[in-house]
Student: 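Encoded as structure tokens, here's the structure I'll be asking about.
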Amino acid sequence: MHDIRAIRENPEAFDAALSRRGLAGVSSDILALDAARRAKILEAETAQAAQNAASKEVGAAKARGDTAEFERLRALVSETKAAIAQLMEEAATQDARLRDILSRLPNLPLDQIPDGRDESDNVEIHRWGNPRNFDFTPKEHFEIAGVKPGMDFATAAKLSGSRFVVLRGAVIRVHRALAQFMLDTHITDHDLQEVWTPVLVKEDAMFGTNQLPKFAEDSYQTTNGWWLIPTSEVTLTNSVAGDILEESALPIRMTALSQCFRSEAGSAGKDTTGMLRQHQFEKVEMVTICTPDTALAEHDRMTGCAQAILEKLGLPYRTIVLCTGDMGFGAQKTHDLEVWLPGQNTYREISSVSTCGEFQARRMNARFRQPGGKPEFVATLNGSGLAVGRCLIAVLENGQQADGSVDLPAVLHPYLGGKTRIAADGTLA
RNA sequence: GGACAGGUGGCCGAGUGGUCGAAGGCGCACGCCUGGAAAGUGUGUAGGCGGGGAACCGUCUCGAGGGUUCGAAUCCCUCUCUGUCCGCCA
């Protein structure tokens, strides 16, 4: 959410930044509403102050036993009561309207972000590893002989419908190994704190990390009003909602493995085969809470944490900076990591690392205090480290052999009881 | 799911209709004291919003929302969270 004061101080800059996202300037409307709102607040509070003063006089009259004066004043105050309540309500309505408008506007891109309309304008900043040369045509993950017995879409469809999967045997062991490997690496090498959180959350939490109000159709809601998190960014980030942290407590760097739930509304027909895009998947998420001036450094650090996972797994990838037109709603700056998928002969997104600046903190009212200072909003960052299902796909496709077996990365072997590959018949070997 | 007890400032805790944003304590900050420290001692110490150049002023907030009242931390209603016991249960 945006700071109305910043818009007031420099509406031109605000509109200019919005236009870089391809949106029309709205500052004049917002400022008009803000002016009306402030005038109404002033009017209502001035009336309320008079009312409060009068009430004290009523009390004083009563205290000295002046019954006639007491009754006279009481009647007087009573008369204006309704009118003041009306004014206060109007002021509150104006305030809520402004908040609603502000909460539906996306974050502003940093100056350094490349301009662009869509993903074709993203800029590659880093590339690691060389795609393997296959002496056969590499298959997609669900076509590999050794994978097929362990990746069961038919049973999943019976249970739940499309965009679900049942995993078995070697495949699920590799999936589980990947998640454990990621967490262990983050905890041990990257000094992140592991957290386990609920996947059902209240509406406030979804508002805090900007899933609501604008993107309600992307997530699932239970009959009693809970929401299923689309990412544990929601729970990790909102864990500091409403807090005023000591500056010395920052940065807070967290990681969590969780189930994620997405309706995938609007992606009908995209990635319908395989387990690239599912309604339910696992992800190791990273979230950092820090001071705004350290956010960009933390952003690079977090990007490095995600990259390290891919490098240890030996998976070729590239890192891109998203252009203004492709960035997510809450981001000021985003790095996407795209892993090489030989079966698709292309790089596909496996991690998205964003800094939101103070955007989410303002929604959540999450603040910190410098010694003796006033509370200030924290900065929040989030990134996948990594999406486990997509990483599984990458491991399977990159490690596949001509005979339908899959060689597995060495760092996973300890998590697999020393086994090193999936044989063509689907067993761990 | 049932019963009971509770949610007050950074923390503990007093406060059953007015002068209470709120005693007292702890913690913290600054000062005094000291060679230095401890102890002692003095002062200060919530946040949001609005007005103002500022000093400062107003308004709202005692879990949340509504109600009663001229006036609510205090009374009523709903919700929520926490604790304890019972039930159920991975």
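Residue numbers begin at 1 in each chain, while the letters A, B, ... track the order of the sequences. Just so it is clear, the model here is predicted, and its values are computed rather than measured.
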Student: Rounded to the nearest angstrom, tell me the gap between atom CD in Q48(A) and atom P in G58(B).
Tutor: 13 Å

Student: Starting at CD of E71(A) and ending at P of U69(B), how long is that distance when rounded to a whole Å?
Tutor: 14 Å

Student: Could you work out the separation of U41(B) and C33(B) based on their C1' atoms and round it to a whole Å?
Tutor: 8 Å

Student: Rounding to an integer number of Å, can you tell me how far I84(A) CD1 sits from C60(B) P?
Tutor: 10 Å

Student: Can we say R37(A) and D34(A) salt-bridge, meaning some charged N sits less than 4.0 Å from an Asp/Glu carboxylate O?
Tutor: yes

Student: Between G47(B) and U8(B), how many Å separate the two C1' atoms, rounded to a whole number?
Tutor: 15 Å

Student: Can you check each nucleotide of nucleotides 46-52 of chain B against protein heavy atoms at under 4.0 Å and return B for base, S for sugar-phosphate only, - for none, in 5' to 3' order?
Tutor: -SSBSS-

Student: Expressed in whole Å, how much space separates the P atoms belonging to A22(B) and A73(B)?
Tutor: 12 Å

Student: Taking atom CG of D111(A) as the centre, report whether more than 12 heavy atoms of other residues, nucleotides or ligands fall under 6.0 Å from it.
Tutor: no

Student: So what does V58(A) touch, heavy atoms closer than 4.0 Å: a base, only the sugar-phosphate, or nothing?
Tutor: base

Student: Can you check whether G330(A)'s main-chain N or O pairs, donor with acceptor, with N107(A)'s side chain at less than 3.5 Å?
Tutor: yes

Student: Can you check the distance between U74(B) and G7(B), where both ends of the measurement are the C1' atom (answer in whole Å)?
Tutor: 15 Å

Student: In terms of heavy-atom contacts, does CD of Q259(A) have more than 12 from other residues, nucleotides or ligands at under 6.0 Å?
Tutor: yes

Student: Indicate whether OP1 or OP2 belonging to G18(B) is found under 4.0 Å from a side-chain N or O atom of N52(A).
Tutor: no

Student: Given 3.5 Å as the limit, does a donor-acceptor pair link the side chain of N382(A) with the main chain of M286(A), or not?
Tutor: no

Student: Using a distance-only test with no angle check, is there a side-chain donor-acceptor pair under 3.5 angstrom linking T235(A) and S232(A)?
Tutor: no

Student: Give the rounded distance in Å between these two atoms: CZ of R72(A) and C1' of C70(B).
Tutor: 13 Å

Student: Can you tell me how far P in G35(B) sits from the matching atom in G24(B), rounded to whole Å?
Tutor: 33 Å

Student: Nearest nucleotide by nearest heavy atom, which residue falls closer to the 5' end of RNA chain B, Q51(A) or M88(A)?
Tutor: M88(A)

Student: Test your reading of the model: is there a side-chain donor-acceptor pair from T324(A) to the backbone of G116(A), 3.5 Å cut-off?
Tutor: yes

Student: Using atom C1' of each nucleotide, how far apart are G48(B) and G9(B) to the nearest Å?
Tutor: 15 Å

Student: Salt-bridged, E264(A) to R163(A), with N to O below 4.0 Å?
Tutor: no

Student: Using atom P of each nucleotide, how far apart are G83(B) and U45(B) to the nearest Å?
Tutor: 35 Å

Student: Mind calculating the distance between CD (E57(A)) and C1' (C70(B)) to the nearest angstrom?
Tutor: 11 Å

Student: Output the rounded distance in Å from CG (L73(A)) to C1' (C70(B)).
Tutor: 9 Å

Student: Rounded to whole angstrom, note down the C1' distance from A64(B) over to U82(B).
Tutor: 15 Å

Student: Could you tell me if R176(A) sits above the aromatic ring of Y415(A), with its cationic atom closer than 6.0 Å to the ring centre and no more than 45 degrees from the axis?
Tutor: no

Student: To the nearest 0.5 angstrom, please state how far the CG atom of L322(A) sits from the CG atom of D118(A).
Tutor: 11.5 Å

Student: Rounded off to whole Å, could you give me the NZ-to-C1' distance for the K202(A) and U80(B) pair?
Tutor: 7 Å

Student: Can you tell me which stems RNA chain B forms when a stem means 3 or more consecutive Watson-Crick or G-U pairs under 3.5 Å?
Tutor: B:1-7 with B:80-86, B:10-12 with B:24-26, B:27-32 with B:40-45, B:46-51 with B:56-61, B:63-67 with B:75-79

